[in-house]
Amino acid sequence: MRRRDELVGRPVFDAFPDNPDDPSASGVSMWGASLRRVLSERATDVMAIQKYDIPRPDGGFDTRYWAPANAPVFGPDGRLRWILHRTEDVTAFMQARQHSPAVDELTAQLRTRTEQMAAEVFARHELQQQNETLHALLDSLDTAVVGCDAAGLPVLFNEGARRLFGDLLDGIPADQWAQRQAVFHPDGRRMHGQELPLVRALRGQRVRDAEMVVRTPAAPRRHFRANGRPVTGQPGLAAVVALHEVTLHRRAARYKECELEISRLISKPNPADEILAQVVEVLGRMAGWVMVELWTVDDVAQVLRRAGCWAEPGYDVPSRPADPLLHGQGIPGRAWQTSEPVWAANLPAHPDAAQQTTDWGPLRTALAIPVPSGSVILAVLACYSTTAESPDDTRTAIMTGVGAHLGEFLARRRAERLAAELDRARDEYIALVGHELRTPLTSVQAYTEVMLDDPSTTEDQRSMLQVMRRNTDALHGIVMKLLDVSGMRSGHIDLNTQPMDLITVVHAAVDAARAASTADIAIETNTPPTAPLHGDPDRLRQVVDELLSNALTWAGAGSTVGINLHADPHVLTLAVSNTGDRIPADDRDQLFEMFFRSDTARHGGIPGTGLGLTVARTIVEQHGGTITVSEPDEAATTFTVRLPTGRPATAGSRPAAT
């Protein structure tokens, strides 16, 4: 007759005190004694029937009789956490019974038996609930759990273990499992019965992070990490092992290693065909495909052609699918058409697969990955498996990344090939133009000299012939620069190296520039007494002449062009500087390119061919040196040449042109 909130949270003996009007009341002491026995003995205590009066809300007590029991409840750490008190009101029974001694004795015996049976039923019910909870927990795990007895027979397993081992759990000793199921070490070796983690635990070993691979027919390989140990003190259970599947982690790690290996391969300078063959093999071997094909796009025919194929050793390709494939034909053609990965989870029933062949043999699954360069598809990777596999977003993403790496490689190699072909065609054209111009130009120059030497030539005619000679000399200089550039780019140049002093070359060039210049520009030199090196004096004179001419052309009126030469035991440094209009930042990187002329030069009517600095750089590089230009924000524009003082390795090995 009391509400829940009047009882819950109060000390139990405050809520249920002894009746103060009953001198024989012993409910509190008997109940307290039972609770203390549970604490000390850690076992269920069934009490005799107790007379324990209950307070009434309106005052006074009701006479009640109870059949109580107190049971311990333990936590996961084995410590006693709670005491569960269960009681049954037997007041009506006690008040109605007869009070004869025989009846009392019989009632006492029946009560004792009933209390014992109740305690046993209570304990069995608790154990049953614990077992049901344990099995429900095990079945909810992704981990497969198996326990066996001393004979190796399975006695404990969950649903994950049933899915993995099947009927092996139905009375098959653990040491015979390896004979009935394909189990392997991570390196591919077959695992024998005594090597199984459960058998090792049964022999007394503690197994930690043991890896094993399970191969089931027509299913992908599954990787597991096993932990197990022997069990003592549990009748009927001798060893237990838990197997956690790590297939996705292993697959991701293997694909990452594959991607890194492919990145390493495509960075090599080897021929493209050789690298592509290696990439196809690595992709199959490390990514777990039984066959991999590379189909490249024929730009002219607009078809896919098989450029490479790898198959697992010992595996025979059942039939050679159609080659070439049209746009949208077959699984590779579909990937080319959609620019998206294409999965064929069931090759014999896939409509696109039927366009390639009707006999796929043991092949069951295919994945085709486009190899892009921007929005253009250059090739398609086709990977095949003998097991039925579901489309996997992680696998697709990794394979798409591999395809992107290959696309960059193919685009880079195509650009390199086109650039090489363009350079070769340009060199051939320059050489052709130079040779074709030089022959008639030589004749014009020769006849001009003859007519100038003829006494009968009038003054007007002589004036016109002198104009012809100046222009043919200028044209001859252009032709020779063209031939120099062509020869230098092809590696054949007349480079006559010898011990020399660069001071002599610099002063001769300065004297010639002063004599030829009509502008109000001074030339100042700062040189050591000598600057010895091993080089070609004539070619290095070309370099100094070009740098001086360039500095005088762009120097402001009334300014000074400076030449500074510094020598140390290893390097000679020649710097030619002028003040004037600065070189725009956009033009700086193109100064040494063939035929480059800035907008200022072209629109300002400044003569030039755009070949001088190209020739100067080539000559310097042929001597093993470098030529650079100062940054645009510096006060003066300075071209700096650095030359080794010793004999360059390239100079002595180059044959002279004949």
Side-chain angles (χ1 to χ4, degrees), residues 137-148 154 156-166 168-169 174-175 177-178 180-203 205-231 239-262 282-290 292 312 343 345 364-365 367 383 385-402:
L137 177 62
L138 290 176
D139 287 339
S140 68
L141 298 176
D142 293 332
T143 302
V145 179
V146 182
C148 67
L156 172 70
F157 50 85
N158 65 347
E159 186 61 30
R162 172 64 76 178
R163 290 193 300 267
L164 178 61
F165 296 111
L168 294 178
L169 300 173
D175 58 1
W177 290 5
R180 299 168 177 255
Q181 190 173 44
V183 184
F184 297 84
H185 292 282
D187 59 6
R189 293 179 295 111
R190 186 79 180 235
M191 190 174 285
H192 301 294
Q194 298 300 315
E195 298 175 312
L196 292 175
L198 183 57
V199 178
R200 290 169 55 191
L202 187 60
R203 297 205 314 263
Q205 298 181 26
R206 295 186 71 91
V207 181
R208 293 292 300 172
D209 295 332
E211 293 197 27
M212 55 183 287
V213 181
V214 178
R215 297 183 185 178
T216 305
R221 301 172 184 176
R222 301 175 67 187
H223 295 257
F224 293 88
R225 182 177 291 118
N227 293 288
R229 65 179 182 87
V231 177
V240 65
V241 68
L243 298 102
H244 179 63
E245 185 166 5
V246 293
T247 302
L248 294 180
H249 297 288
R250 288 297 304 273
R251 179 178 292 175
R254 190 170 62 247
Y255 269 80
K256 191 63 178 177
E257 292 172 2
C258 175
E259 193 172 4
L260 291 174
E261 179 64 16
I262 289 175
V282 165
L283 192 59
R285 179 166 44 80
M286 297 185 66
W289 300 104
V290 74
V292 179
E312 187 176 305
W343 275 94
R364 289 292 176 268
T365 305
L367 171 61
C383 307
S385 173
T386 55
T387 59
E389 301 186 33
S390 301
D392 181 353
D393 291 342
T394 301
R395 205 175 195 185
T396 303
I398 295 174
M399 290 292 294
T400 301
V402 171

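If you're wondering where the values come from, they're calculated on a predicted model, not measured in any experiment.
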message: Does L164 form a side chain to side chain contact (heavy atoms under 4.5 Å, CB included) with R222? I'd like the steps, not just the answer.
response: CA-CA 10 Å; L164 178 61; R222 301 175 67 187; 3.9 Å; yes

- prompt: Stepwise, does the side chain to side chain contact (heavy atoms under 4.5 Å, CB included) test hold for V183 with V213?
  reply: CA-CA 6 Å; V183 184; V213 181; over 6 Å; no

Shortest non-hydrogen separation from V146 to A161 and the atoms involved: CG2-CB, 3.5 Å

- request: Sequence neighbours left out, what passes side chain to side chain donor-acceptor pair (under 3.5 Å) with R180? Give chain and number order.
  value: none

message: To check you understand the geometry: which heavy-atom pair defines the closest contact between E195 and R200, and what is its length?
response: O-CD, 3.4 Å

- prompt: Would you call H249 and H223 a side-chain contact if the rule is heavy atoms closer than 4.5 Å?
  reply: no

- prompt: Heavy-atom distance under 4.5 Å between the side chains of T387 and T365, does that happen here?
  reply: no

Note, M191 side chain near F184 side chain (heavy atom, < 4.5 Å): no

Pairwise side-chain contact, V207 with V241, heavy-atom cut-off 4.5 Å (strictly under): no

Close side-chain approach of T386 and E312, heavy atoms under 4.5 Å: no

message: I need the minimum non-hydrogen distance between G284 and V292, along with the two atoms involved.
response: CA-CG2, 3.5 Å

- request: Determine the minimum heavy-atom distance between L243 and M212, stating which atoms define it.
  value: CD2-SD, 3.3 Å

task: Supply the atom-to-atom distance L367 CG to T396 OG1, rounded to the nearest 0.5 angstrom.
output: 5.5 Å

- prompt: Is a side-chain donor or acceptor of S385 paired with a backbone partner of W289 at a separation under 3.5 angstrom?
  reply: no

- line: When every non-hydrogen atom of A201 is compared with those of P230, the smallest separation belongs to O-CB, 3.5 Å

task: Taking all non-hydrogen atoms of both residues into account, name the closest pair between T143 and N158 and its distance.
output: O-ND2, 2.9 Å

task: May I ask you to decide if M286's main-chain N or O and R254's side chain share a donor-acceptor pair within less than 3.5 Å?
output: yes

message: Out of the candidates R206, Q205, R208, only one should pair with R229 under the side chain to side chain contact (heavy atoms under 4.5 Å, CB included) rule; please name it.
response: R206

